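Heads up: the structure comes next, in structure tokens.
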Amino acid sequence: MNIEQSMKIAMRHYQSGHLSQAESIFKEIIQLRAGHPGALHFLGIISHRRGDNEIAIKLINKAIRTNAFNPAFYNSIGNIYMAMNKHEEALDSYRNATRLKPDYAGAHYNIGNIFKVQSKHDQAIACYQKTLSLCPEFFDAHLGLGNVFLGQGKHDEAIACYQKGLLLKPDLIEARYNLGNIFLEQGKYAQALVCYQKVLSLKPESAETYSNLGKTYSGQGQHDQALACYQKALSLKPDFIEARWALTKAQIPIVYGSDDNPAECRHGFSRELAVLERWLDTNQIESGYSIVGNNPPFYLAYQEENNRDLLSRHGELCVRLMEDWWVKQRFPYTDPAQDGIIRIGLVSEQIRDHSVWNALIKGWFQHLDRGRFQLHVFHTGTVQDKETAWARTHSTSFSQGRKELHQWVEDILDKQPTVLIYPEIGMDPMTAKLASLRLAPVQVASWGHPETTGLPTIDYFLSAEDFEPPGAQDNYTERLVSLPHLGCCYYPLMVDATEPDLSGMGIDSKLPIFLCPGTPFKYTPQYDRIFIEISRRVGRCQFIFFTHRFRELSDKLRQRLQRVFEQAHMDFSNYCVFIPWQNSSVYYGLMKRADVVLDTIGFSGFNTAMKAIECGLPIVTREGRFMRGRLSSGILRRMRLTELIAANEDEYIALAVRLVQDAGYRQRIRQHIEAVREDLYGDLMPVRALEEFLINVATNK
């Protein structure tokens with residue numbers, strides 16, 4: 001048998017995965033012809049596949065010395081260096097391959113992979129695009145290009161790449177999985193569901209896919225299915241901390257179904273939190289920090305209970321995981337600057353046209369004394385608008401972009417803030433991670449998310465006198481600071497109202513209109529009876545709800561309310577209308593046309609109330625036990641409209657009924673709102689008090 005025939009037989013064994021048989025024949029070839037480059041090359045590849053990388057490199061280098069003009073040899077040795085994380089050596093090898101063969105698609109693809117690992121995104125994109133220009137059917141290049149776009153947050157481009165790759169190779173699992181992740185992040189739950197189910201049909205033991213499927217079901221309001229997915233993920237991968245974390249948080253549904261018991265859900269959260277605490281006591285998870293801020297216990301706040309103890313336990317876990325990460329990073333210690341300047345750092349995802357910005361942050365930007373304070377802004381969000389641009393021009397420094405955790409930490413430490421303010425904690429994973437670290441001598445939270453953070457790293461909570469009940473300190477792990485009045489300097493948005501097309505929305509203009517603008521998760525089952533009682537006393541009327549951008553959540557609320565009306569032997573369609581969310585001008589037009597806005601009970605609405613006041617629309621509210629349930633009542637009290645603040649649900653119902661049935665009373669309330677609402681706007685007392693607080697804590701740190 002000649003050498004050429006032996007090579008063909010050896011290659012058949014190699015391609016069939018029979019490495020030992022192939023190796024024996026390649027060695028026989030070497031004995032017949034010392035230095036045979038092809039045999040040496042494949043002996044090197046076999047050694048690499050067995051993990052003997054040093055031997056593999058020696059064998060392929062020997063092949064190159066025999067034949068220095070074969071680009072495949074350089075590509076193979078590049079693959080070995082890549083596996084050894086020797087990126088520069090791999091890059092040199094791949095470039096040698098492309099110099100010998102400029103149209104070597106595989107080598108261009110491999111160079112792109114190196115640039116992707118090195119976060120050299122533009123160079124990686126160029127390499128993948130070069131690969132695809134040479135070989136459009138190279139499905140892995142579509143995948144690689146999609147992954148770079150995904151890392152840049154360019155979701156539309158990533159989706160297009162993944163879909164092209166899947167057309168070429170429908171079982172390209174990573175593309176399907178990443179596509180599901182994008183749809184999940186965008187709230188396109190039905191599309192994410194299809195992707196994850198397809199992945200599981202190809203890879204049924206993927207714990208990560210089950211975990212993300214759980215998030216998908218949770219986003220759709222399918223509570224039981226979400227819990228089952230997390231439990232399945234843990235059965236496949238018991239040390240999967242992300243699934244354990246998600247299982248704990250998922251005990252609290254986003255929107256309660258008809259059969260959900262909020263008290264039982266709360267007990268489930270506490271139980272699973274204890275399981276998680278014990279598990280972390282006996283398991284060291286190197287990447288545990290990555291789950292901090294994911295699946296936050298955000299929806300716990302919508303239960304009208306004191307959450308201090310539960311959130312304190314949660315906060316301790318967050319800080320514990322972040323401390324493990326911090327110790328390993330070895331950030332250089334820098335003494336705080338002693339130049340007499342008070343450096344205020346502000347960390348927020350919402351430096352844009354958003355309720356947190358409009359209610360809280362913008363007033364600080366407008367009126368903090370820049371002669372005494374520097375304002376360094378760390379905008380962790382990626383959405384930018386005219387408010388973002390305005391904020392940039394009014395900041396001492398402004399940092400923004402899609403950054404990794406260590407980059408944000410470096411940015412913050414570099415500015416040496418004396419006081420670090422987090423206007424909202426719990427709405428953004430990155431903000432939660434940063435808030436769980438000690439990055440400034442004094443760290444402060446505020447009521448962008450009106451609930452205690454539970455984090456031992458947060459020293460103070462900025463609230464407002466008009467919002468807090470007696471004994472409010474008991475509701476916080478932080479030291480409570482109640483600024484005067486509403487605690488903020490707010491200005492009306494001055495939106496031009498557009499006359500709404502009521503009939504086009506399915507609204508009967510002849511009937512009394514109750515506006516119910518709360519998000520679906522603000523409506524809890526124990527208060528559903530309010531709509532029944534109002535309907536019974538008023539007769540035909542319409543409650544106008546707005547469909548959430550995640551429609552499934554509104555659907556779940558609709559189904560629950562429909563069941564309540566059916567139980568009361570009333571036709572749900574005669575009373576409740578769900579309309580799409582409207583732009584600001586139409587929304588203001590609806591407020592001017594409605595009779596009453598019904599504040600959500602237990603978790604009130606500040607921005608909603610302010611918009612209603614701007615439109616002269618009466619508000620009915622029931623004063624809550626906690627700050628988060630007293631936002632509207634605080635505004636009404638500031639306007640001397642305590643008669644619209646109910647002490648209980650029965651008073652709430654009676655007020656709502658009176659306002660629609662007594663036109664004279666309703667008109668008197670409207671006139672009072674128009675006469676006194678200017679008192680709410682441009683209040684500088686909270687800002688001056690904030691300045692005094694900042695000076696005090698900065699000088700006594």
Side-chain angles (χ1 to χ4, degrees), residues 1-84 86 89-90 93-114 128 131-132 134-144 165-176 201-205:
M1 186 182 300
N2 61 35
I3 289 176
E4 184 178 348
Q5 290 174 323
S6 296
M7 281 293 294
K8 288 181 179 179
I9 293 171
M11 285 302 300
R12 283 200 294 270
H13 283 304
Y14 173 80
Q15 291 166 353
S16 300
H18 303 140
L19 299 187
S20 296
Q21 294 92 321
E23 183 180 36
S24 296
I25 298 173
F26 286 134
K27 285 181 177 179
E28 290 173 3
I29 293 170
I30 296 297
Q31 290 174 351
L32 292 170
R33 183 185 296 175
H36 187 284
L40 286 169
H41 176 222
F42 280 100
L43 282 172
I45 293 175
I46 291 170
S47 295
H48 166 58
R49 291 182 62 175
R50 288 175 172 164
D52 297 328
N53 290 325
E54 297 296 338
I55 294 173
I57 290 171
K58 289 178 182 178
L59 288 166
I60 298 177
N61 274 330
K62 191 172 181 180
I64 290 172
R65 287 195 293 271
T66 305
N67 179 2
F69 300 101
N70 189 324
F73 295 173
Y74 294 98
N75 190 64
S76 293
I77 205 167
N79 290 340
I80 297 168
Y81 280 130
M82 189 67 176
M84 298 170 70
K86 294 184 176 182
E89 292 91 335
S93 298
Y94 293 140
R95 282 174 169 163
N96 283 332
T98 59
R99 276 192 284 269
L100 291 168
K101 187 181 180 184
D103 62 349
Y104 196 162
H108 287 291
Y109 166 75
N110 289 332
I111 293 172
N113 287 342
I114 292 177
Y128 290 134
T131 303
L132 291 168
L134 295 168
C135 181
E137 294 78 28
F138 202 134
F139 53 81
D140 276 336
H142 287 293
L143 172 62
L166 288 165
L167 283 174
L168 295 166
K169 191 175 190 298
D171 61 349
L172 193 59
I173 290 178
E174 186 179 348
R176 188 82 64 182
S201 72
L202 298 168
K203 191 179 179 182
E205 302 304 303

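Quick caveat, the model's predicted, so the values are computed rather than measured.
A search for ring-ring contact (aromatic ring centres under 6.0 Å, His included) contacts involving Tyr94 returns nothing, not counting sequence neighbours. Scored by the side-chain contact (heavy atoms from CB on, under 4.5 Å) test, Leu172 finds Phe139, Asp140, Leu143, Leu166, Lys169, Ala175 as partners (sequence neighbours excluded). In this view, Asn61 and Ile57, Ile64, Arg65, Ile77 satisfy the side-chain contact (heavy atoms from CB on, under 4.5 Å) rule, not counting sequence neighbours. With sequence neighbours excluded, the residues that form a salt bridge (charged side-chain N to carboxylate O under 4.0 Å, His left out) with Arg50 are Glu23. Scored by the salt bridge (charged side-chain N to carboxylate O under 4.0 Å, His left out) test, Asp52 finds no partners at all (sequence neighbours excluded). Tyr81 pairs by the ring-ring contact (aromatic ring centres under 6.0 Å, His included) definition with nothing, not counting sequence neighbours. Scanning for side-chain contact (heavy atoms from CB on, under 4.5 Å) contacts around Asn96 gives Tyr74, Arg99, with sequence neighbours left out. Residues passing the side-chain contact (heavy atoms from CB on, under 4.5 Å) test with His142, sequence neighbours excluded: Leu132, Lys164, Leu168. Residues forming a salt bridge (charged side-chain N to carboxylate O under 4.0 Å, His left out) with Lys58 (at least two apart in sequence, or on another chain): none. Qualifying salt bridge (charged side-chain N to carboxylate O under 4.0 Å, His left out) partners for Lys86, counting only residues two or more places apart in sequence or in other chains: none.
From Ile25, atom CD1 reaches atom CD1 of Ile29 across 7.0 Å, with rounding to the nearest 0.5 Å. Note that CZ of Arg176 and CG of Leu202 are 7.5 Å apart. Values are rounded to the nearest 0.5 Å. Distance check: Ile9 CD1 to Met11 CE gives 12.5 Å after rounding to the nearest 0.5 Å. Once rounded to the nearest 0.5 Å, the distance linking CD1 of Ile55 with CD1 of Ile46 reads 12.5 Å. Atoms CZ and CG, from Arg95 and Asn110 in turn, are 13.0 Å apart once rounded to the nearest 0.5 Å.
Sorted by first and then second residue, the side chain to side chain donor-acceptor pair (under 3.5 Å) pairs involving residues 8-18 (not counting sequence neighbours) form an empty list.
Between Leu59 and Ser47 the shortest heavy-atom distance is CD1-OG, 3.7 Å. Considering all non-hydrogen atoms of both residues, Ala56 and Ile80 come closest at CB-CD1, 3.6 Å. Phe73 approaches Asn67 most closely through the heavy-atom pair CD1-O, 3.7 Å. Of all the heavy atoms in Gly78 and Ala90, the pair that sits closest is O-CB, 3.4 Å.
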Q) Given the rule in the side chain to side chain contact (heavy atoms under 4.5 Å, CB included) test, do Met7 and Phe26 qualify, once you have shown the distances and angles that lead to the verdict? A) CA-CA 7 Å; Met7 281 293 294; Phe26 286 134; 3.8 Å; yes

Compile the donor-acceptor pairs under 3.5 Å between side chains in residues 30-45 and protein atoms, sequence neighbours left out, one pair per line.
from: His36; atom 1: ND1; to: Gly38; atom 2: N; distance (Å): 3.3
from: His36; atom 1: ND1; to: Ala39; atom 2: N; distance (Å): 3.1
from: His41; atom 1: NE2; to: Ser76; atom 2: OG; distance (Å): 2.7

